[in-house]
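Keep in mind that what you see is a predicted model, and the values were worked out from it rather than measured. Quick note on labels: first sequence line is chain A, next is B, and so on, each numbered from 1.
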Amino acid sequence: MTQTIRTRFCPSPTGYLHVGGIRTALFAWLLARQNNGQFILRIEDTDQKREVAGSTDHIIKSLHALGLDYDEGPDIGGKYGPYTQSERLDIYKKWAQKLIDKGRAYADPYTPEEVRAFREEDQKAKRPFLYRNHIHKEPPLWDGSQPLRFKSYPKIYEMDETFEDAVMGKLSIGTETIDDFILIKSDGYPTYNFAHIIDDAEMEISHVIRGQEFLASIPNYLNLYDALDIKRPVIATMPHILGLGGNKKLSKRDGAKDVLDYVREGYLPEALINFMATLGWNDGTEKEIFSVSELIKDFSLNRIQKSGAQFDEQRLLWMSGYHIRETPVDKLMKCTEGFWPDEAQDTDPKYKIQVLELVKERLKFFAELPELTMFFFTDLPVDLSLIQNNKQLKKYDIHHLHMLLKQSKESLEQSDFTVADLTLRLNQLLEQTGEKPGVLFSLIRIATTQSPSSPGLADTMAVLGKDRCMERIANQLESMK
RNA sequence: GGUCCCGUCGUCUAACGGUUAGGACACCAGGUUUUCAUCCUGGCAACAGGGGUUCGACUCCCCUCGGGAUCACCA
């Protein structure tokens, strides 16, 4: 019988989630869903100073927006709860006591200033800071007011020098990184280093998927697993997503955007997920476009890239547009709710569908909807600069253009405004006037839309309708006199 | 400085030790007899460097160089 796959995502409530963070969540989620396992959300709020109010809600919202549903979590509970670390303090104390009883934990009597002095001393000597080199000769009994430190056995790993990481492969371990790190801080809260190990064990997590920043700490964790007699989970270390330029990891500090912002700007969750998944992962073929269900089917930890991948907004834009184009209009309609221009508020949904049909192939994300569709819903004022800035029209005399448009108007007035008839008439006008399409059609386009570009002219006019078009052409003629 | 990880077009990447090193994004050119977009065609562009091992190396080993992570009472 194989073990149930249980993965987790453990953000600390210090703000929003950016693409890098949520990609880690995505991979953990994929692994769980692929194996009919569970995906757990745990909030790691052991540093009260850094806590940002509202973060947990924000994080939950972000996961929800992308469809990364979890089976257990702070808001929905579960049999291994609570799922917020600050509510699990007694559990950590219990485990800490085990360590003390075994002689594997001791009180640190130094003040923070004294520890800092040790550190500076080591730095000056160009050697890594290791607390275990500064151990107090007679550590006092731990009364909860001092930090509790782990008594590490660094030598153990000299015998067993490699460790397998599901992504990074075999890692070698230097004893120099194993230290007597702090288990419980003087404020009574555990450190991440301690709490996550306890929680993962108690919650029966099978796979720990996390970012590269923890790579160097793994030896410490191995040491602690051993001391606690905990069977270690599969560890998978993800490379970082790099910011533009590729020389630093994506971070809020450097302007990494909140994933929820992408959702608010109208990127499809499916596109966002496709983008994040293929940033550092591939299925071994040349396939680039994946649906969520395909991802669940094909995902594997061992095909995650070991090197960091640069965040490429261009690629996201392309992928977003691609997914929009692939989505049927009726489904797309639901997604566009809230993105239409205000002027479209009271418009018949049927009309909106027609508009959407016309603009969907040029849409990258839904926030572009207003600027692309405004003229379908309201009469924009005549803007003569559109003619002056048009590279075909600017060469022409305004009277000539006036005459052209007038002639067009006379023909279009006879039209029933079906696409077929409009196309026919437009082509006839081309012959009659002897003008190039770039000239004549640009002129009519500007008159009927007051925009430099639009979907196909006949299509656009058909959707706009005869009354609207004729009125707009009349207005244009008026202001060109 | 110690420890550790990584290194294929500008970017994301593919390639049982045997390929003209492939695809995608971006960019450029042309086409789809109107614009923008889509779509199609074509183009530009990479194995960090040096040594080995091998009949043969992007692929295995070593060194160098380059990039990154980490060395907190943060996670």
* Counting side-chain heavy atoms from CB outward, which of B:C5, B:A14, B:U70 is closest to A:Lys249? -> B:U70

Contacts under 3.5 Å, N or O only, protein and nucleotides 73-75 of chain B:
unit_1 : atom_1 : unit_2   : atom_2 : d
B:C73  : O2     : A:Ser186 : N      : 2.8
B:C73  : O2     : A:Ser186 : OG     : 2.7
B:C73  : N3     : A:Ser186 : OG     : 3.0
B:C74  : OP1    : A:Lys49  : NZ     : 3.4
B:C74  : OP2    : A:Lys185 : NZ     : 3.0
B:C74  : O2'    : A:Asp47  : OD2    : 3.3
B:C74  : O2'    : A:Arg50  : NE     : 3.1
B:C74  : O2'    : A:Arg50  : NH2    : 3.2
B:A75  : OP1    : A:Thr46  : OG1    : 2.5
B:A75  : OP1    : A:Lys185 : NZ     : 2.9
B:A75  : OP2    : A:Tyr192 : N      : 3.1
B:A75  : O3'    : A:Glu44  : OE1    : 3.0

* To do: Using a 4.0 Å heavy-atom cut-off across all strands, classify A:Thr14 as base, sugar-phosphate, or nothing.
  => nothing

* With ring centroids as reference points, do A:Phe214 and A:Tyr192 lie under 6.0 angstrom apart? -> yes

* To do: Have a look at A:Gln392 and say if it touches a base, only the backbone sugar-phosphate, or nothing, with a 4.0 Å heavy-atom cut-off.
  => nothing

* Asked: In B/S/- notation, 5' to 3', how is nucleotides 36-48 of chain B contacted by protein heavy atoms closer than 4.0 Å?
  -> BBSS---------

* To do: For the pair A:Tyr131 and A:Phe118, evaluate ring-ring contact (aromatic ring centres under 6.0 Å, His included) and give the outcome as yes or no after the intermediate values.
  => CA-CA 8 Å; A:Tyr131 181 90; A:Phe118 293 148; 7.0 Å; no

* So what does A:Gly211 touch, heavy atoms closer than 4.0 Å: a base, only the sugar-phosphate, or nothing? -> nothing

* Asked: Using a cut-off of 4.0 Å on non-hydrogen atoms, how would the nucleic acid contact of A:Leu457 be classed: base, sugar-phosphate, or nothing?
  -> base

Counting only pairs under 3.5 Å, give me each side-chain donor-acceptor contact of residues 363-373 of chain A, with atom names and distances, residues two or more places apart or in other chains.
unit_1   : atom_1 : unit_2   : atom_2 : d
A:Glu368 : OE1    : A:Lys364 : N      : 2.7
A:Thr373 : OG1    : A:Leu369 : O      : 2.8

* Identify whether any heavy atom of A:Pro437 sits under 4.0 Å from a base atom; if not, whether one sits that close to sugar-phosphate; answer base, sugar-phosphate or nothing. => sugar-phosphate

* In the strands shown, is B:C44 matched to any nucleotide by a Watson-Crick or G-U wobble pair with both distances under 3.5 Å, and which? -> none

